[in-house]
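Heads up: the structure comes next, in structure tokens.
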Amino acid sequence: MKQNANLIYVILGVVLLLSSNALWAQDSIRKHPFIYNSAWGYDRDLNNQILDTNMNETEIFHPMYQKNILFQDLGNIGTAGRSAIFSINQPIGFNGMFNPYESYFLLPQHARFYNTTKPFTELFYSQGSNELLFLKATHTQNILPRWNVGVDFQRISSEGFLLRQKTSHYNTQVTTNYHSKNKRYYLLAALTWNKGTLQENGGITSDSAFEALSGSNKTVNVNLISSQNQYRNRSAWVKQYYRFGNSYTTVKGDDTIYHFEPKSQISYTIKAEETSHIFINSGDSNNTLLPNQFYSTIANQTYDSLHNGLLENKVNYSWLNKNNELKQTFLNVGIFHQTAVISQSTYVNNHQNLIAEVQFEKRNKGNNSLSFFVDASAVLWGYNNNNHLIKAGIIYTTKPLELTVSGTQQVYTPDYSMLKFASNQFQWENKFNNSSSLSQHIIVKTNTLKNNFTLSINHYLIGNQTYINEVLLPEQASGNASIIHIQLDKTFKAGKFFFKHNLHYQQSNVKYIPVPSFGGMLRYYFQTNFYNSKIQLGVDVFYNTAYYGMGWSPATRMFYLQQQNKIGNYPLINPFVCMQIKRAVLFGIYEHLNQNLINVGFYNTPHHPISLQSFRMGIRWRFYN
């Protein structure tokens, strides 16, 4: 904890130092001093977004709960995880392997590019039992009127409740954006570092022994005591625009204001990314999880490393037609080249792709308006030859409702690690066929706060799906899998009481895509004003029905199919209190209140129990100068 405290002091000192400089350099954004945009928004010349100051769900800081709601992990924050809500989101081009830690990563495609009139800092800090530390810090400021720099930092560390559960993550992202005085040239850039060390225990040796214990003393033997996974990820992403259009100036007092109406733009993007995964075994022996020893000459000793490198160069030309804020047309064509390098134990392979893409969007935001979009990309040549991705949809907007109907069709090569893998514990080389997906989506949502709800209906048809089977080896299914997913979001209000529901129904017709039939999150709370503060007092409940959740293979960093142990059918009840005092939000949450009250067996992954009862407290504090 002393090291953690020193780290916090260093960060606070840097933030205060930065905040004291460059006040003279802030731009004149008078109405909203803290606005931001994304690369997707810059592509379309969309308006900046205003920073959300809502305190709702501040107590739900666990990234897996924030991003997935229903998921599997290994029973401690920071461990490997996967969503239990089915979806297909396979990027076009080269894909190295499934990343079980992605929910904790800072990624360039999610970067925010700010424009501020004064330095802005946000600190989020939470701590709890078993040496939990969760720290997020954001600092951004305009160094010059048209040049902004931002830093995001995340630190997660927890000992866990069972043996060999310690997790440690460091995630950092530095962003910058700049535009010329005439607003024709724009630059966006993001540098990202992700680093983690995760102990592996292979699960508990006896579920019955664990379930016979009670209270906080539920410590039992585990399968692995000398194994761990490590990851390192770093990337550099830069995008530059040059816009063509009409410019003019207006004078307001002593200020000359430059205006520019873009009609088209050319952009160039370069991205370099390197990811390393390392599995270390210093003495463990387990016939199921560590069945082989192909390379190491020392018994029960393993040091396996897998490295992926990816370099992308991309050129786009876009036409922009923005009559007003209600009518926008966007047409984009582009081509990009990928170079991938993969190395593991006995091989180093290089692959390339040449990919073309086109997007067309016509968006109307008025009442009784119709919008549509088409997004298509295809691999013209290279390792992923004959892969393609096509998305299309229409949006009908009325005053009370918005209806979206869309579909996606994709052909993609299975992840490289499914085809070729060489380690001390596992080896395979497969020649699988391309997989395919066809999905249809219907989304209905209201445009009024009082009658808020969102209903989405999704159907997926997956062909030649690849997965890790019961003996921890890749397998490709023949035929098609059909999955239905229905989601409903709705919040009811009765006086000062709020009842939020996020509910999911799923159905899969094949065993190799296991999903819980029903699950979701309830957030019921009472909210009131107290002097100059706002208070929320309530409870979060997470639940999903029983299903055969996947097992975890630490040596391959993949989840595998199993049909022996069901997980789920267990509610997780977390009472909380939140208080907002000006720019600060303080919270306390008692996680897993119902431990041993309903059922003695509770698992997110077979043989990996859910975290035990614990109290967490924290603060989110924003500094505006």
Side-chain angles (χ1 to χ4, degrees), residues 40 67-71 82-93 95 330 332 357-365 368-379 384 386-398 400-414 433-447 452-467 476-490 501-520 544-545 547:
W40 190 88
K67 299 175 182 180
N68 302 288
I69 297 181
L70 306 180
F71 62 90
R82 63 177 289 271
S83 176
I85 300 173
F86 183 82
S87 66
I88 286 288
N89 186 24
Q90 191 82 354
I92 190 74
N95 291 284
F330 173 72
N332 172 66
E357 65 179 10
V358 59
Q359 293 103 26
F360 181 67
E361 302 171 5
K362 189 171 182 63
R363 298 187 181 272
N364 301 304
K365 298 183 180 180
N368 299 316
S369 63
L370 189 66
S371 305
F372 62 89
F373 60 90
V374 178
D375 185 346
S377 52
V379 180
N384 295 92
N386 297 321
N387 286 198
H388 67 261
L389 172 63
I390 302 172
K391 301 178 182 179
I394 58 173
I395 305 170
Y396 180 65
T397 304
T398 66
L401 294 173
E402 180 179 283
L403 170 66
T404 302
V405 180
S406 64
T408 302
Q409 198 278 330
Q410 184 174 13
V411 173
Y412 55 94
T413 303
N433 296 322
N434 283 344
S435 301
S436 64
S437 68
L438 178 65
S439 60
Q440 304 86 33
H441 313 273
I442 299 175
I443 302 175
V444 181
K445 65 179 181 180
T446 58
N447 291 321
N452 71 90
F453 81 86
T454 300
L455 172 66
S456 65
I457 303 172
N458 310 279
H459 177 254
Y460 303 90
L461 196 64
I462 311 298
N464 298 330
Q465 173 79 345
T466 56
Y467 60 95
Q476 185 167 55
S478 59
N480 293 324
S482 177
I483 303 96
I484 296 173
H485 171 223
I486 301 174
Q487 178 178 350
L488 174 64
D489 295 301
K490 171 65 180 174
H501 307 78
N502 186 314
L503 307 177
H504 298 262
Y505 170 80
Q506 299 180 100
Q507 195 66 48
S508 171
N509 71 336
V510 292
K511 70 176 184 179
Y512 56 82
I513 303 181
V515 293
S517 296
F518 177 78
N544 61 260
T545 53
Y547 73 111

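Because only heavy atoms are used, hydrogens play no part in the values below, and waters and symmetry mates are left out as well, while side chains stay in.
A 4.5 Å side-chain heavy-atom check between Glu402 and Ile395 finds at least one atom pair inside the cut-off. Between His441 and Thr408 the shortest side-chain heavy-atom distance falls below 4.5 Å. A heavy-atom distance below 4.5 Å is not found between the side chains of Thr397 and Asn364. Contact check for Ile483 versus Ile462: side-chain heavy atoms found under the 4.5 Å cut-off. No side-chain heavy atom of Ile486 sits less than 4.5 Å from a side-chain heavy atom of Leu503. Taking 4.5 Å as the limit, some side-chain heavy atom of Val444 sits within range of a side-chain heavy atom of Phe453. In this structure, the side chains of Ile69 and Asn502 come closer than 4.5 Å at one or more pairs of heavy atoms.
Lys391 places no side-chain N or O within donor-acceptor distance of the main-chain N or O of Val374, the cut-off being under 3.5 Å. The backbone N or O of Gly93 sits less than 3.5 Å from a side-chain atom of Asn95, completing a donor-acceptor pair. At distances below 3.5 Å, not a single donor-acceptor pair connects side-chain atoms of Asn480 with backbone N or O atoms of Leu461. Put simply, the side chain of His501 gets close to the backbone of Lys490: a donor and an acceptor are under 3.5 Å apart. Remark: the backbone N or O of Asn68 is not paired with any side-chain donor or acceptor of Ser83 at under 3.5 angstrom. Side-chain N or O atoms of Gln409 include none that pairs as donor or acceptor with a backbone N or O of Ile390 at under 3.5 Å. With hydrogens and angles disregarded, no donor-acceptor distance shorter than 3.5 Å links the side chain of Gln90 to the backbone of Tyr412. With hydrogens and angles disregarded, a donor-acceptor distance shorter than 3.5 Å links the side chain of Asn458 to the backbone of His485.
Ser369 OG to Tyr396 OH: the interatomic distance, rounded to the nearest 0.5 Å, is 8.0 Å. To the nearest 0.5 Å, atom OG of residue Ser435 and atom CD of residue Gln476 are 5.0 Å apart. Rounded to the nearest 0.5 angstrom, Thr446 OG1 and Leu455 CG are separated by 11.0 Å. For the atom pair CG of Leu438 and NE2 of His459, the computed distance is 8.5 Å after rounding to the nearest 0.5 Å.
Checking Gln359 against Asn332 by side-chain atom types alone, a donor-acceptor pair falls below 3.5 Å. A side-chain donor-acceptor contact under 3.5 Å links Thr413 and Asn434.
Between Phe86 and Tyr460, the ring planes are perpendicular. Angles over 60° get that label, and only those under 30° would be called parallel.
In terms of heavy-atom proximity, Ser517 sits nearest to Gln507 at OG-OE1, 4.2 Å. Residues Ser406 and Phe373 share a closest heavy-atom pair of CB-CZ, 4.0 Å. Between Leu389 and Ile92, the shortest heavy-atom contact is N-CD1, 4.1 Å. For Gln506 against Ala84, the heavy-atom pair with the smallest separation is NE2-O, 3.0 Å. Across every non-hydrogen atom of Gly520 and His504, the tightest pair is CA-CD2, 4.3 Å. Closest approach of Ile443 to Ser456, counting heavy atoms only: CG1-CB, 3.9 Å.
With sequence neighbours excluded, the residues that form a salt bridge (Lys or Arg N to Asp or Glu O under 4.0 Å) with Lys511 are Glu470. With sequence neighbours excluded, the residues forming a ring pair (Phe, Tyr, Trp, His ring centres under 6.0 Å) with Phe372 are Phe360, listed by chain and number.
Atom NZ of Lys67 sits in a crowded spot, with more than 12 heavy atoms from other residues, nucleotides or ligands closer than 6.0 Å.
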